[in-house]
**Student:** 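Structure provided below as structure tokens; questions to follow.
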Amino acid sequence: MHEQETQTEYIVTTDGLVKSYRLGDGSDLTVLDHLDLRLPKGKLIMIMGRSGSGKTTLINVLSTLDDFNEGSVRLLDREYSLMNPKEKEKLRRNQMGFVFQSVALIPSMTAIENIDFGLRTAGVKQGREERIREVLEVVGLAERGNHYPVQLSGGERQRIAIARAMAHRPPVLFADEPTGALDTESGHHIAQLFKDLAEKEGISIIMTTHDLKLAQMADMLIRL
Ligand SMILES: Nc1ncnc2c1ncn2[C@@H]1O[C@H](COP(=O)(O)OP(=O)(O)O)[C@@H](O)[C@H]1O
Ligand SMILES: [Mg+2]
């Protein structure tokens with residue numbers, strides 16, 4: 001009974017997670033020291049800490065982008081240490097969405113084309129046009145579909161990047177300092193959008209921030 005609950009309740013779990021880097025002088029720098037995390041589904045989860053505290057390291061490990069030294073990490077029932085690089089790549093493509101600090105939209109493509117590119121990369125063949133309309137609506141930019149990135153503000157570009165990251169309906173979205181390049185107000189809007197996505201679309205959002213004020217909006221806060 002309890003086992004079954006844990007399987008459905010959490011999106012990502014870690015047990016005894018250790019991550020260290022081997023430095024040039026041969027010594028080890030331990031960044032993540034035996035972390036046991038239970039990250040609930042459909043919530044806005046923030047990883048908070050000063051620069052150098054290991055936020056990027058943690059989000060990269062949780063999203064299979066980086067390896068770890070000890071312990072275990074799982075997305076739903078998939079145990080990372082049992083997966084090869086190809087399986088991890090497939091997991092990222094199908095089950096995860098990514099948003100970064102500096103928006104990686106393709107400048108020669110409109111907002112719609114950028115989102116469509118993401119959908120095609122994720123292997124979505126049917127209903128793309130309708131889904132694009134839907135996600136543009138969700139991020140509040142229904143009227144901006146034909147705009148090129150350069151015609152959008154920083155905050156708007158980040159919202160398009162979020163629309164692209166979630167269009168293929170991944171259960172989890174990873175965002176490393178998604179508000180880091182934005183002014184306070186745009187940053188707040190992004191965090192509010194994430195909160196809505198978690199609540200209304202049931203997507204689990206795992207993001208990093210060093211902004212104490214934004215951290216107050218989190219459903220769950222991990223301090224490093
Ligand atoms: N590839 C690497 N090799 C060695 N040390 C690293 C590497 N990447 C990060 N670090 C170190 O690990 C610590 C955590 O870095 P990072 O996860 O980027 O922190 P944050 O994102 O919180 O600023 C820092 O001390 C950083 O210098
Ligand atoms: Mg970082």
Side-chain angles (χ1 to χ4, degrees), residues 11-40 43-75 80-81 83-85 88-89 91-92 96-105 154-155 157-159 161-162 164-166 170 172-184 186-195 197-198 203-224:
I11 182 75
V12 173
T13 54
T14 75
D15 284 288
L17 170 63
V18 174
K19 168 72 181 176
S20 52
Y21 294 109
R22 175 61 50 94
L23 301 181
D25 64 2
S27 68
D28 287 321
L29 171 71
T30 300
V31 179
L32 307 175
D33 193 5
H34 294 91
L35 286 189
D36 303 313
L37 297 175
R38 297 287 176 272
L39 307 187
K43 300 286 181 196
L44 175 57
I45 298 151
M46 293 198 201
I47 301 164
M48 164 95 195
R50 58 174 173 74
S51 176
S53 61
K55 301 183 296 297
T56 296
T57 300
L58 178 57
I59 212 158
N60 286 348
V61 168
L62 298 183
S63 61
T64 75
L65 286 172
D66 206 350
D67 287 329
F68 49 97
N69 301 78
E70 277 178 47
S72 65
V73 184
R74 286 168 304 276
L75 175 79
Y80 295 176
S81 58
M83 297 169 71
N84 65 36
K88 286 183 192 167
E89 197 211 307
L91 189 77
R92 284 196 297 274
M96 301 176 182
F98 289 89
V99 177
F100 299 98
Q101 173 172 343
S102 47
V103 179
L105 295 177
R157 279 201 290 273
Q158 193 60 301
R159 275 145 71 191
I162 291 166
R164 182 180 60 180
M166 59 161 285
V172 61
L173 213 147
F174 292 98
D176 194 6
E177 304 259 1
T179 66
L182 302 176
D183 58 67
T184 309
S186 311
H188 187 272
H189 280 151
I190 295 294
Q192 187 57 51
L193 171 60
F194 278 148
K195 221 169 154 70
L197 287 183
I203 302 178
S204 310
I205 317 271
I206 303 175
M207 67 172 271
T208 63
T209 182
H210 57 257
D211 186 330
L212 260 172
K213 220 165 155 219
L214 275 194
Q216 291 169 4
M217 296 174 71
D219 295 313
M220 178 183 180
L221 193 59
I222 300 164
R223 287 171 190 279
L224 291 182

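Counting starts at 1 for both ligands and their atoms, following the listed order. Just so you know, these numbers come straight off a predicted model, no measurement behind them.
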**Student:** Would one find an N or O of Gly52, backbone or side chain, under 3.5 Å from an N or O of ligand 1?
**Tutor:** yes
**Student:** What's the shortest distance from atom 17 (O) of ligand 1 to any protein heavy atom, and which residue and atom give it?
**Tutor:**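 That would be Thr57 OG1, 2.5 Å.
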**Student:** Is a side-chain donor or acceptor of Thr14 paired with a backbone partner of Val73 at a separation under 3.5 angstrom?
**Tutor:** no
**Student:** Quick one: look up the protein heavy atom nearest atom 18 (O) of ligand 1 and list residue, atom name and how far away it is.
**Tutor:**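 Its nearest protein heavy-atom neighbour is Thr56 CB, 3.8 Å.
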**Student:** Under 4.0 Å from atom 23 (O) of ligand 1, is there at least one protein heavy atom?
**Tutor:**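 So atom 23 (O) of ligand 1 has protein heavy-atom neighbours under 4.0 Å.
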**Student:** Using 2.8 Å as a strict upper limit, say whether an N, O or S atom of Thr57 approaches the Mg ion (ligand 2) that closely.
**Tutor:**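 It does not: Thr57 brings no N, O or S atom closer than 2.8 Å to the Mg ion (ligand 2).
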**Student:** Considering only heavy atoms from C-beta outward, does the side chain of Val99 approach that of Met166 to under 4.5 Å?
**Tutor:**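 Heavy-atom side-chain distance check fails, nothing below 4.5 Å.
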**Student:** State the atoms of ligand 1, each with its element, that fall below the 4.0 Å cut-off from a heavy-atom position in Arg50.
**Tutor:** 22 (O)
**Student:** Is the side chain of Asp176 donor-acceptor paired with the backbone N or O of Phe100 at a distance under 3.5 Å, no angle test?
**Tutor:** no
**Student:** Backbone or side chain, does any N or O of Arg22 fall under 3.5 Å from an N or O of ligand 1?
**Tutor:**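 N/O-N/O distance under 3.5 Å: no.
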**Student:** With no hydrogens and no angle check, do the side chains of Asp25 and Ser27 hold a donor and an acceptor under 3.5 Å apart?
**Tutor:**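 The criterion, which ignores hydrogens and geometry beyond distance, is satisfied for Ser27 and Asp25.
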**Student:** Starting from atom 19 (O) of ligand 1, find the nearest protein heavy-atom neighbour and note its residue, name and distance.
**Tutor:** Gly54 N, 3.2 Å
**Student:** Pick one: which of Lys19, Lys88, Arg92 meets salt bridge (Lys or Arg N to Asp or Glu O under 4.0 Å) with Asp66?
**Tutor:** Lys19
**Student:** If you apply the rule side-chain contact (heavy atoms from CB on, under 4.5 Å), what do you find for His188 with Leu182, and how did you get there?
**Tutor:** CA-CA 9 Å; His188 187 272; Leu182 302 176; over 6 Å; no
**Student:** As an exercise, identify every atom of ligand 1 less than 4.0 angstrom from a heavy atom of Leu29.
**Tutor:**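 Close to Leu29: 11 (C), 12 (O), 25 (O).
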**Student:** Just to confirm my output: which protein heavy-atom neighbour is closest to atom 10 (N) of ligand 1, and how far is it?
**Tutor:**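 Heavy-atom neighbour on the protein nearest atom 10 (N) of ligand 1: Tyr21 CE1, 3.4 Å.
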**Student:** Go through ligand 1 atom by atom and flag the ones less than 4.0 Å from a non-hydrogen atom of Val31.
**Tutor:** 12 (O), 13 (C), 14 (C)
**Student:** In the complex you have, is atom 6 (C) of ligand 1 within reach of the protein, judged by whether a heavy-atom distance drops under 4.0 Å?
**Tutor:** yes
